[in-house]
Number of protein chains: 2
Amino acid sequence: MDWSIQDIARIAGTTSRTLRHYDDIGLLKPSRTGHNGYRYYSQAALVQLQRILLLRGLGLGLPVISQVLDDEADAAKALTGHLEWLKQEQDRLARQIASVMQTIEAVKGGGEIMAEDMFNGFDHTQYKDEVEERWGKDAYAKGDSWWRGMGADEKAAWKQRSQQLGEDWIAAASAGIAPDSAEAQAIAKRHVEWLTGIPGTPAADGKSGDVKAYVTGLGEMYVADPRFAKNYGGAEGAGFVRDALKVYAEQNL
Amino acid sequence: MDWSIQDIARIAGTTSRTLRHYDDIGLLKPSRTGHNGYRYYSQAALVQLQRILLLRGLGLGLPVISQVLDDEADAAKALTGHLEWLKQEQDRLARQIASVMQTIEAVKGGGEIMAEDMFNGFDHTQYKDEVEERWGKDAYAKGDSWWRGMGADEKAAWKQRSQQLGEDWIAAASAGIAPDSAEAQAIAKRHVEWLTGIPGTPAADGKSGDVKAYVTGLGEMYVADPRFAKNYGGAEGAGFVRDALKVYAEQNL
DNA sequence: ACTTGACCTTGACGCTACGTCAACATCTAA
DNA sequence: TTAGATGTTGACGTAGCGTCAAGGTCAAGT
């Protein structure tokens, strides 16, 4: 009335190693163990195995499967959540495919993978007044000397990061997600980390409270100043950035 | 003229751990090492790092990136190959999404994740005559007793595997890929493994040569017999199966 | 009874690309 | 001088098994 480990492996279309693994992690125990340590499985175990393989085929992780099997009422919930994850992955893939195609074209045309001056139209010095007014002349002097001291490569790198952040912000805002969603907050985290790269600002050397004020203040400036707002998709996108940064600052700084 | 590990990490938007990792695997060595063991990176290293991060962002693996950096002429080729992989992943995701949605509906409606009689319309005994004629009365007797000795669960499992194989074959055939392609051969491999689950046939207990003849013979039967052919999408699909099995048998059995 | 050969067991390493301690050395600014 | 930031080299963890390694067990044939 029961089968050896190879038997069910073949019946269910999997391997004995997998069954031993499921035993190890407690996902599917053999229904009986021989005096010699051999694992034997009954019909009930086979049904469970089928379910496991079905769910695994849908892409669910083993811990989730375990939980679903414990309480089948959760199945619909777990699957719905998983569906969301799958859709996000699909989006991510679509974006990557577009990027790769674009890069292929660039490589075919230009030759070099990445020219040094990929990023133009970014002039750090144009914000001199604002920085002085808000954070003091001293801050700007330090910040500016830091910027002028950079090599072309470093400047390019800096531009790339800021541009990437801008793109991600715009994508997030137009995706219709909430500013306090995990995705938006992840970008906010990167944004703040990026800010800490500017010496002389509260973000780089300040205590938690100062950084909080600095970040929220910046968010407001992004909305108010169209020169900044355009980096984030205009006033609307900048508003999203401001809201997201505000939430992030309050929760983490 | 060079930066510490934290400096470039911040400049490039990554972490020092990542840079140490790249050093360990030889992907990006520091341009200079201090007497104290500290890593220092030059502008050239920064440019390399930028390229690495760009390619990584496109989803390429580190070994591939390493190779592309060694010979930039390969970039377009590597990217094109990667693009294919991305598209396949996209397809897989699309199928998974469809399956998950379908399963959600089934769970909502039916309650149970998998009822025992999910698979109907499959009658093992209907092929009695063919089996006897081709492989001898003895073979059928053994095969049939084996089948009748199965529990409902086991029968269901068997049906599921055969049905799954049928679906995969149809998908492969309609995808327009070649019978000797890696994907088709992978299904063929599974098909043969599935066949070995039938005791009394050459596939289960035979020597290599017998199995080869058996498998190729089966392939022909799938085409000739509409009752089998319909499991593989009709005569055309069965033809694809036959060709794939033939290639597999010749190369592996 | 003895030998094969198939099948079983428990470890334990490998894979991707790092994150995350741990324990300890070094540099920097007050 | 000393605290705090930053650096170093291990080494473990991650998801889900594949893949040896080394050694017991079992069924069948001689």
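Each chain gets a letter, A, B and so on, in the order the sequences are listed, and its residues count up from 1. Predicted model only: the values in this text are computed from it and were never measured.
- In terms of heavy-atom proximity, A/L46 sits nearest to A/A12 at CD1-CB, 4.4 Å.
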Exercise. Run the side-chain contact (heavy atoms from CB on, under 4.5 Å) check on A/Y41 and A/I8 step by step: do they pass?
Worked result: CA-CA 7 Å; A/Y41 295 82; A/I8 31 158; 3.1 Å; yes
Got a list of protein N/O to nucleotides 20-24 of chain C N/O distances below 3.5 Å?
unit_1 : atom_1 : unit_2 : atom_2 : d
C/dT20 : O4     : B/R17  : NE     : 2.8

For this session: Show your working on side-chain contact (heavy atoms from CB on, under 4.5 Å) between A/Y248 and A/V192 and close with a plain yes or no.
Result: CA-CA 9 Å; A/Y248 181 79; A/V192 171; 3.7 Å; yes
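- No side-chain heavy atom of B/Q48 sits less than 4.5 Å from a side-chain heavy atom of B/Y22.
- Considering only side-chain N and O atoms, B/T15 lies under 4.0 angstrom from the phosphate OP1 or OP2 of C/dG19.
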For residues 86-98 of chain B, which side-chain N or O atoms pair as donor and acceptor with protein atoms under 3.5 Å away, sequence neighbours left out?
unit_1 : atom_1 : unit_2 : atom_2 : d
B/E89  : OE1    : B/R92  : NH2    : 2.9
B/E89  : OE2    : B/R92  : NE     : 3.2
B/Q96  : NE2    : A/G57  : O      : 3.2

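- In terms of heavy atoms, B/I65 sits closest to B/I52 at CD1-O, 3.8 Å.
- With a heavy-atom cut-off of 4.0 Å to chain A, the contacted part of DNA chain D has its first and last nucleotide at D/dG16 to D/dC26.
- Look at A/R39 and you'll find a side-chain N or O under 4.0 angstrom from OP1 or OP2 of C/dT9.
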Protein and nucleotides 26-30 of chain C: nitrogen or oxygen contacts under 3.5 angstrom:
unit_1 : atom_1 : unit_2 : atom_2 : d
C/dC27 : OP1    : B/N36  : ND2    : 3.1

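- Checking the phosphate oxygens (OP1, OP2) of C/dC8, a side-chain nitrogen or oxygen of A/Q6 falls inside 4.0 Å.
- Summary of the strand contacts: A/S4 and B/Y22 both lie near DNA chain C, and taking for each the nucleotide with the nearest heavy atom, the more 5' one is attributed to A/S4.
- Rounded to an integer number of Å, the gap from CG of A/D2 to P of C/dC8 is 13 Å.
- Shown are A/D7, A/D23, A/D2; of these, the salt bridge (charged side-chain N to carboxylate O under 4.0 Å, His left out) with A/R39 is made only by A/D23.
- Recorded end-axis angle for the helix from C/dA1-D/dT30 to C/dA30-D/dT1 stands at 30°, based on five pairs per end and rounded to 10 degrees.
- Of the residues A/L55, A/L60, A/L27, the one that meets the side chain to side chain contact (heavy atoms under 4.5 Å, CB included) test with A/S66 is A/L27.
- Contacts of residues 79-95 of chain A with DNA chain D (heavy atom under 4.0 Å): none.
- B/G34 comes within 4.0 angstrom of no nucleic acid atom, judged by non-hydrogen atoms across all strands.
- The pair B/K77-B/D74 counts as a salt bridge, with a side-chain nitrogen and a carboxylate oxygen less than 4.0 angstrom apart.
- At least one side-chain heavy atom of B/W3 sits less than 4.5 Å from a side-chain heavy atom of B/I11.
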